[in-house]
Amino acid sequence: MDNFLRYFFQDMGNVFRALVELIVAIGNFLNYLLNFPMRMDIIKRYNEEFSTLEWILMLIVNLILLALIGLMIYGIVKLCKKLFRFRISPKKYDELVKQVRQLQRDLIRANYEKDKLLAMRVAEFSGDGSVLQDFGDLEEESTEENVEEDSEAEAYVANENRNTRYSPCVDPSTSRFFRLTAVDNFYKTEYVEPIYDSEITLPEFCERFRKYAASQLHLYYDLDMMRYFVASLGTARIIILQGISGTGKTSLPYAFGKFVQKDTTVVSVQPSWRERTELYGYFNEFTKKYSETDFLRAIYESNYYRDPHMVILDEMNIARVEYYFAEMLSILEMPRQDEWKVDIVTAVWDNDPCLIGKGTVQIPNNVWFVGTINNDDSTFAVADKVYDRAIPIDLDSRADAFECEDTPPIYISTDHLNRLFDEAKEKYPISQEMLDKLDEVNVYVIKTFRLAFGNRIMKQIKDYVPCFIACGGTEIQAVDFIVAKKVLRKFESLSIGFMKDELTRFSNYLDKTFGKNTMVICKEYIDRLKRMN
């Protein structure tokens, strides 16, 4: 024991002695640095012998010294602000928790009253008293429901408080969601929302997007192609780009991400994909960590910002789309956007990411999914259920290069973009004359080919046509495109080899109904179908 004590006093004594010398040295440094009278005496001692050049050098040295002092003071002040920025007293914290709980209860009650007033208005216009009776029954049980609502509110607030308590101070390495926790930390501490362009119109957006792709990325697209693509954003959440290799299928959404300054997420589909875990990841019971994917991270992160974001499923049909993407197809069919949620885990841990609520991740309305397709022997045919929910666009050739002025990227919010689409649907609704013609075509197609438009396709047509017109196109161009991609595509499942005459008559019927050579894309598609067999 004596030997250890001698070692301890000798070794630790040297350590503490060095620490004291370091503190003394820092004190001497500050004492000399801030001892201006002493330094002035030194300057007076030599000033009579200074030449002009030496005076200049002396001033430069002192200015550098003053700058060093200023930087030290600035660093100390900034460090103190960072240390004490988030400090609040426990008493004040408890008061804030109570206020949040009360606000949550008030919000639930306000939603109840809003639904009740809405039902009264519906009953007033429809003369149906059953809706009011339902709310009368609910009022009789209001006491019990308020208790349940308060419990739900408290659970919700507790969950929010848990997230707030652990974010942004969670070390990602301690969480089972390393990447998502890192996303939380970034957006809670470093992210600054950009200043969005709230004045740009859809025609300007298409034109600037095209010029940006050409001038900055050397990617060339026809203006109509830009209109097809942008109008699709206002129609569906899924866009399919198909065609031969090298025509810019992946480059188009990639350029879009660069243009709006929110890089596109590229997910390379693998031939072995057969289930949802390929997209959303899974919890590894052995490592107790969640295997996070780029797809999951893109969806999760999109909840933090309002920029439009695209997720590319590159070569999406190299595996069966209806297997690994089936859940997303069903989710996006939900009528209410707050129902677009993906189940990630069954149980929530204390240090899970902030935006995983009850084990689910919300799919925000600023995300679009773009699938690229090559139709060859190495790929699978895409099922109708996928095509019906998407807007397919063919890229069969590259546009010619053209000269244009350098065009910078922009910041645009999804709210503004969706507002432009909504305004377009109000300002440029598809004409009744065109709807009547489409009804006639629908009857003709049912009678001749045993195929029909369907309600989903009609809704997409009514959404797509106004958006395309607002982008600078015409109604007949929009109808020509959407009928070819959504209706004539279904002809590929027929025995076309025995229906060449019917196809010829259908082409003539389109000329008669819509005007000669106005349905250009449809007629080209019909000619291609006839050549296929």
Chi angles and distances behind the side chain to side chain contact (heavy atoms under 4.5 Å, CB included) call for Asn317, Val386: CA-CA 11 Å; Asn317 65 329; Val386 181; over 6 Å; no
Pro172: side-chain contact (heavy atoms from CB on, under 4.5 Å) partners, not counting sequence neighbours: Phe178, Thr181, Ala182, Asn185
Partners passing side-chain contact (heavy atoms from CB on, under 4.5 Å) against Asn517 (at least two apart in sequence or in another chain):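 Testing Asn517 for side-chain contact (heavy atoms from CB on, under 4.5 Å), a comparison that skips the adjacent residues, returns Asp511, Lys523.
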[atom1] of [X] to [atom2] of [Y]: how many Å apart, nearest 0.5 Å?
{"X": "His416", "Y": "Glu199", "atom1": "NE2", "atom2": "CD", "result": "7.0 Å"}
{"X": "Gln270", "Y": "Trp273", "atom1": "CD", "atom2": "CH2", "result": "6.5 Å"}
{"X": "Cys467", "Y": "Lys462", "atom1": "SG", "atom2": "NZ", "result": "14.5 Å"}
{"X": "Ile521", "Y": "Leu488", "atom1": "CD1", "atom2": "CG", "result": "10.5 Å"}

Side chains of [X] and [Y]: closer than 4.5 Å at any heavy-atom pair?
{"X": "Leu180", "Y": "Arg297", "result": "yes"}
{"X": "Ile393", "Y": "Leu395", "result": "yes"}
{"X": "Glu193", "Y": "Tyr196", "result": "yes"}
{"X": "Ile476", "Y": "Met519", "result": "yes"}
{"X": "Leu355", "Y": "Tyr304", "result": "yes"}
{"X": "Ile469", "Y": "Lys427", "result": "no"}
{"X": "Tyr221", "Y": "Arg398", "result": "no"}
{"X": "Tyr300", "Y": "Asp184", "result": "yes"}

Taking the inter-plane angle between the rings of [X] and [Y] on a 0 to 90° scale, is it parallel (under 30°), tilted (30 to 60°) or perpendicular (over 60°)?
{"X": "Phe402", "Y": "Tyr220", "result": "perpendicular"}
{"X": "Phe449", "Y": "Phe506", "result": "perpendicular"}
{"X": "Phe209", "Y": "Phe259", "result": "parallel"}
{"X": "Trp349", "Y": "Phe283", "result": "perpendicular"}
{"X": "Phe369", "Y": "Phe325", "result": "perpendicular"}

Is the shortest distance from a Lys or Arg side-chain nitrogen in [X] or [Y] to a carboxylate oxygen in the other one below 4.0 Å?
{"X": "Asp388", "Y": "Lys490", "result": "yes"}
{"X": "Arg227", "Y": "Asp224", "result": "yes"}
{"X": "Lys437", "Y": "Glu440", "result": "no"}
{"X": "Glu204", "Y": "Arg208", "result": "no"}
{"X": "Lys211", "Y": "Glu405", "result": "yes"}

Output field: ring centroids Tyr305/Tyr191 closer than 6.0 Å: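 Not under 6.0 Å, so no.
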Intermediate values then yes/no, side chain to side chain contact (heavy atoms under 4.5 Å, CB included), Leu241 and Ile373: CA-CA 6 Å; Leu241 302 178; Ile373 287 180; over 6 Å; no
Pairwise salt bridge (Lys or Arg N to Asp or Glu O under 4.0 Å) hits with a residue in residues 259-271, at least two apart: Lys258-Asp263
Report the residues that fulfil salt bridge (charged side-chain N to carboxylate O under 4.0 Å, His left out) with [X], sequence neighbours left out, ordered by chain and then residue number.
{"X": "Asp480", "answer": "none"}
{"X": "Glu322", "answer": "Arg320"}
{"X": "Asp294", "answer": "Arg179"}
{"X": "Arg450", "answer": "none"}

According to side-chain hydrogen bond (donor to acceptor under 3.5 Å, both in side chains), who are the partners of [X], at least two apart in sequence or on a separate chain?
{"X": "Gln261", "answer": "Tyr411"}
{"X": "Tyr387", "answer": "Gln242"}
{"X": "Tyr254", "answer": "none"}
{"X": "Glu433", "answer": "none"}

More than 12 heavy atoms of other groups within 6.0 Å of Arg456 CZ: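 Above 12, so yes.
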Listed partners of Tyr290 passing ring-ring contact (aromatic ring centres under 6.0 Å, His included), at least two apart: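 With sequence neighbours excluded, Tyr290 shows a ring-ring contact (aromatic ring centres under 6.0 Å, His included) to Phe177, given in chain and number order.
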Partner of Phe481 under ring pair (Phe, Tyr, Trp, His ring centres under 6.0 Å), chosen from Phe468, Tyr464, Tyr525: Tyr464
Verdict with supporting geometry, Glu301 and Tyr187, side-chain hydrogen bond (donor to acceptor under 3.5 Å, both in side chains): CA-CA 9 Å; Glu301 187 176 4; Tyr187 282 92; 2.7 Å; yes
Residue pair Val370, Thr264: steps toward the side chain to side chain contact (heavy atoms under 4.5 Å, CB included) verdict: CA-CA 10 Å; Val370 181; Thr264 300; over 6 Å; no
Glu333 and Ser330: CA distance, side-chain angles, deciding distance, side chain to side chain contact (heavy atoms under 4.5 Å, CB included) verdict: CA-CA 5 Å; Glu333 283 291 287; Ser330 300; 5.7 Å; no
Option passing side chain to side chain donor-acceptor pair (under 3.5 Å) with Lys249 (candidates Asp314, Thr372, Asn374):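 In the set Asp314, Thr372, Asn374, the residue that makes a side chain to side chain donor-acceptor pair (under 3.5 Å) with Lys249 is Asn374.
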Which atom of His309 lies closest to which atom of Ala298, heavy atoms considered: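 His309 and Ala298 have their closest heavy atoms at NE2-CB, 3.9 Å.
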